[in-house]
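Single-structure report; data block below.
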Protein chains: 2
Amino acid sequence: MEAGGSKRPGGRSARVRDAVRQATLAELAEHGYTGLTVERVAERSGVHKTTVYRRWGNVEGLISDALELARDEPWPIPDTGTIEGDLRGVVQLVRSGFADPELGPVSLAFVAAAVQNDAAARALHDFFVARHEQSAEVVRRAVARGELPDVVDVREVIRVAVAPVYYRLFVAHEPVSERDADRAADAALAAARAGVL
Amino acid sequence: MEAGGSKRPGGRSARVRDAVRQATLAELAEHGYTGLTVERVAERSGVHKTTVYRRWGNVEGLISDALELARDEPWPIPDTGTIEGDLRGVVQLVRSGFADPELGPVSLAFVAAAVQNDAAARALHDFFVARHEQSAEVVRRAVARGELPDVVDVREVIRVAVAPVYYRLFVAHEPVSERDADRAADAALAAARAGVL
DNA sequence: AAGCAAACGCAACTGGAGTAGTTTTTGGAA
DNA sequence: TTCCAAAAACTACTCCAGTTGCGTTTGCTT
């Protein structure tokens, strides 16, 4: 949602950009990362393929651009009143996001692209920095309530809480149950209470 | 694709298979996953490219096969006498493996291939099952020594301990310091002691 | 030691991703 | 309105990953 710092923010370029972004997300949802081609995105968006190649370079460029879009969108941080409930809520949000039949393939594509391409990796990094920052709010509130020591590294608690879910999904390729997600949240909380994080 | 030497295990096929496996690993170490092509592996191994295509199908098939090789190789589980030292040792082993300039690209390639290809994902899954099983030995010893409650899920402790390292490396794309690795191990240990894992 | 099917080698081909050069359109400013 | 530079469209091309059909070699079987 940026106001645009470049030269011609409101004209044809902006329309092309929006059309390509939307087509990229739609193609990702339908065909996943391996099925994403520049030509199909071009055709779907009504933009010529040479134009897409010149502005985005390749498939990873398309994904990096879509990631910037996703980064700025806020997501619903839970507020249950206790750190147990909030932290579990955050981790369940991650889990359910990847289980979603529409969002799942798109999110998977982001991870896949970032593992191969430096630009996509940087874009995904920025995305997670933003996510950690937002999610850490639940930890800050817990500290304010006196549930956790104030020396706790609020972002690290989030990382340790969500890490097992991502690890299972994208590294070990194991299924992730709701119970697994809860347990990961509880583990991070126990470590935080013990003063390790 | 498949490993079982059902029909002609010791003949030409076996020689071809070994040559291709070795060439795959060498190519991965030099050029990484994005630089891995079937044609270069064929040329390097002295095997014709159509043969490689027929037996391995594509790049992901080559990687899956190499993964089966890596799965069966044991790795040095630490034995420091305390669960703190052992668990930290396991996590540091993971960290240093990916930091290694030769092993790093190969390991990264495994993860990258598994995110895109189901066969590679299954192969990597099996690899991690084997790794978890081996690594869990340090937790079992701790239980035997009375350092941890005997209801602990020994594999889950390993997962939670290493997960933050993998998460940083392959998902959030953040650097991982030795201190980060130690802290991840300590967090898992604190959770295990608290009875969460 | 012959037979035979599986596996490999070979060359020619296909198709689509990505590129280059050029022309046309567009949006903003004078 | 006129002008202009940036951006997009168009055409035609290159290049290489992956395929196909067929001939050749290999090694297990009896």
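Note that the structure is a prediction, hence the values are computed from the model and not measured. In what follows, chains carry the letters A, B, and so on, assigned in the order in which the sequence lines appear, proteins first and then strands, with residues in each chain numbered from 1.
Nucleotides of DNA chain C nearest to A/N58 and B/R54 differ in position, and the one nearer the 5' end is that of B/R54. Judged by closest nucleotide on DNA chain D, A/G46 is the one of B/V38 and A/G46 placed further toward the 5' end.
Looking at the side chain of B/R15, the nearest of the listed nucleotides D/dT26, C/dC8, C/dG18 is D/dT26. With D/dA9, C/dG27, D/dG18 as the choices, the nucleotide that has an atom nearest any side-chain atom of A/T50 turns out to be D/dA9. Here the side chain of A/K49 is nearest to one of D/dC16, C/dG18, D/dA9, namely C/dG18.
Of the charged side-chain nitrogens involved, none lies within less than 4.0 Å of a carboxylate oxygen, so that B/R179 and A/E156 do not count as a salt-bridged pair. With salt bridges taken as basic N to acidic carboxylate O contacts below 4.0 Å, none links B/R55 and B/D65. In summary, A/R44 and A/E30 engage in a salt bridge, as defined by a charged side-chain N under 4.0 Å from a carboxylate O. Ion pairing between a basic and an acidic side chain is recognised when a charged N comes within 4.0 Å of a carboxylate O; B/E133 and B/R140 show such pairing.
C/dG18 atom P lies 16 Å from atom CD of A/E43, rounded to whole Å. B/R17 places its CZ atom 11 Å from the P atom of C/dC8, with the value rounded to the nearest Å. Whole-Å rounding puts the A/D18 CG to D/dA8 P distance at 12 Å. Summarising the geometry, the separation between OH on A/Y53 and P on D/dC13 is reported as 19 Å, rounded to the nearest angstrom. Regarding B/W56, its CH2 atom lies at a distance of 18 Å from the C1' atom of D/dT19, rounded to whole Å.
Distances shown here put every side-chain N or O of A/R55 at or beyond 4.0 Å from the OP1 or OP2 atom of D/dA7. A sub-4.0 Å separation between OP1 or OP2 of C/dC8 and a side-chain N or O of B/H48 is absent.
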